[in-house]
Enquirer: 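My questions all concern the structure below.
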Amino acid sequence: MKADIKEISALEKRLTSPRRQHLTAALARVSFVLLLWFTWFLGKLLSMSIAAGLAIVVTLPVFCGLLLRRLFTGRSIFKPVDVYGQNGHLERLYYFNCRRYYLKNASLFLFVLNNRIDLTGLSIRRYDRAMLGAGDACLLTSKPGIFNLWYIRNATKIAHGGRYKIEMEYLHRKNPVGDILLILKSIPAALFRQDTDNFSGKINIFGIEFMNLRMFEAVDLVTAALRTKTRKTIFFVNPYCLNMLLDDPDYYQALQQADAIFPDGIGVNLACRILRTPLRENVNGTDMLPFLCQAAVREGLTIFLLGAKPGIAARMKNNLEKQYSGIKVIGEHHGYFKSGEETDQVISAINAASPDILLVAFGVPRQEKWLIEHGSRIQCHVAMAVGGLFDFYSGNIPRAPIWMRELGLEWVYRLWQEPRRMWQRYLVGNPLFVLRVIKWKMFAAQKRGDHAEQKQQ
Ligand code: UDP
């Protein structure tokens, strides 16, 4: 027994001796570095293999095509472009000399193979020192990549936060699994991307004109109206709304009387693609609210929440007050009241508060019709019809995760949440909407043709 105790204490001494401890710490450090290096090596191996595969499948055929073109027309195969590499160094990349975005970029896989850029990373930016903005320096420490978050958010029209914010978000979340998902998400994003910088100020679908702005421009428009105390009634349209207006003349009339309409959702983006009238951004109410709240805090504007089930608007008010310190939500009321006396009471409550911004959330088309019918009696500066927004901001219904929105699948999430209510809206409504847009396109082309004929005569 004594011998055992002696042996144990000797072992304990050996294990806790400073030399031993030092050795264990050094071993832990080395294994950590080795693990990091191994992860980096695996990531690099994977990205090089993908780049090599894509170079064979994509770059090589395009190169052969352009080589043939060069033989017949003499046009050069490559076009040099100076971009920012790691640490802000100038990198000269050679793009294929084509106009089409995807053909032009097909050469870039070669530059991944020679380690000048990465497969996934920050967006590739043209070298122009004069264009560098505040904070860009920290972005430039990382390498640009062919597949990047800015591209995906831009293609799906949800790059609301701006380039810098999105790049920072990528850097914070960067991990190998996320990078693989980024490559996969780029595939559907290609379906939504529009290859142009030529945007019209307004887009017309089914006779309804909506504004084609970036989110910050739309928010500027609203805040300018608030500053000058100009009355504005603002609506949003998605494929469900656009389908509905064809069957509901009163709703159509209500939309015609709006001061501004903004496009909501990936379906409108797809319609704009079909119509070849590129959409700048998906300016939906749910994504607009945080910008509006920031402006409200900055400029001391007041908000009234009207709509949703009893208790929801109050919960949203609490959440907004927690999130935006100093925000003034000066009143709220649920959206289940009758016309006549109850409506008069609600309007009196709004007028007593006299808010700058009135958010109305009764769902389409009731909210739009209600605002047009009673708008002249309501004292507020900007009135917006915002649909299910209160349910999201109160926490009553969770919003689709960002990866689903990046895939253009927010509607699938809504369908999954409320299949009974939503199946007709999405499963019947979405294909019907696409068919109607194609028909609208043919109608618009015919109208243009007739117009040109009349001019000639
Ligand atoms: N709602 C309301 N009063 C009504 C009917 C509905 O306040 O008479 C609310 C409902 O509780 C929900 C919102 O209006 O919060 C409609 O949500 P939905 O997702 O249908 O909005 P939409 O897709 O029409 O924009």
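In listed order, ligands and their atoms are each counted from 1.
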Enquirer: For atom 23 (O) of ligand 1, find the nearest protein heavy atom and state the residue, atom name and distance (0.1 Å precision).
Expert: Arg425 NH1, 2.6 Å
Enquirer: Should Asn212 and Pro263 count as side-chain neighbours, where that means a heavy-atom distance under 4.5 Å?
Expert: no
Enquirer: Would you check the N or O atoms of Ala308, main chain and side chain alike, for any that come under 3.5 Å of an N or O of ligand 1?
Expert: yes
Enquirer: Testing the 3.5 Å rule here: is there a donor-acceptor pair between the side chains of Asn396 and Asp391?
Expert: yes
Enquirer: Which residue supplies the protein heavy atom nearest to atom 16 (C) of ligand 1, what is that atom called, and how far is it?
Expert: Gly363 CA, 3.6 Å
Enquirer: Do me a favour and list the nearest non-hydrogen protein atom to atom 19 (O) of ligand 1 with residue, atom name and distance?
Expert: Arg414 NH2, 3.0 Å
Enquirer: Between Leu122 and Asn148, is there a side-chain heavy-atom distance shorter than 4.5 Å?
Expert: no
Enquirer: Could you find the nearest protein heavy atom to atom 17 (O) of ligand 1 and give me its residue, atom name and distance?
Expert: Gly388 CA, 3.5 Å
Enquirer: Nearest 0.5 Å, what's the CZ-OG distance between Phe147 and Ser123?
Expert: 14.5 Å
Enquirer: Identify the protein heavy atom lying closest to atom 10 (C) of ligand 1, giving its residue, its atom name and the separation to 0.1 Å.
Expert: Tyr336 OH, 3.4 Å
Enquirer: Determine, for Phe337 and Arg366, whether the Lys NZ or Arg CZ falls below 6.0 Å from the six-membered ring centre while staying within 45 degrees of the axis.
Expert: yes
Enquirer: Once you round to the nearest 0.5 Å, how far does CG of Asp287 lie from CD of Glu281?
Expert: 9.0 Å
Enquirer: If we count only N and O atoms by modelled type, under 3.5 Å, do the side chains of Arg399 and Thr286 hold a donor and an acceptor together?
Expert: no
Enquirer: Less than 4.5 Å apart, any side-chain heavy atom of His172 and any of Met168?
Expert: yes
Enquirer: Within the structure, does Ala361 bring an N/O atom to less than 3.5 angstrom of an N/O atom in ligand 1?
Expert: yes
Enquirer: To which protein heavy atom is atom 18 (P) of ligand 1 closest, and what is the distance rounded to 0.1 Å?
Expert: Arg421 NH2, 3.6 Å
Enquirer: When rounded to the nearest 0.5 angstrom, what is the spacing between CG in Leu409 and CZ in Arg405?
Expert: 12.0 Å
Enquirer: Return the option from Asn238, Val364, Asp391, Ile397 holding the heavy atom at the smallest distance from atom 24 (O) of ligand 1.
Expert: Val364
Enquirer: Could you tell me, atom by atom, which parts of ligand 1 come under 4.0 Å of a heavy atom of Arg366?
Expert: 3 (N), 4 (C), 8 (O)
Enquirer: Show me which atoms of ligand 1 lie under 4.0 Å from any heavy atom of Lys309.
Expert: 11 (O)
Enquirer: Tell me, which protein residue and heavy-atom name are nearest atom 5 (C) of ligand 1, and how many Å apart are they?
Expert: Phe362 O, 3.4 Å
Enquirer: Specify the protein heavy atom at minimum distance from atom 25 (O) of ligand 1: its residue, its atom name, and the distance to 0.1 Å.
Expert: Gly387 CA, 3.0 Å
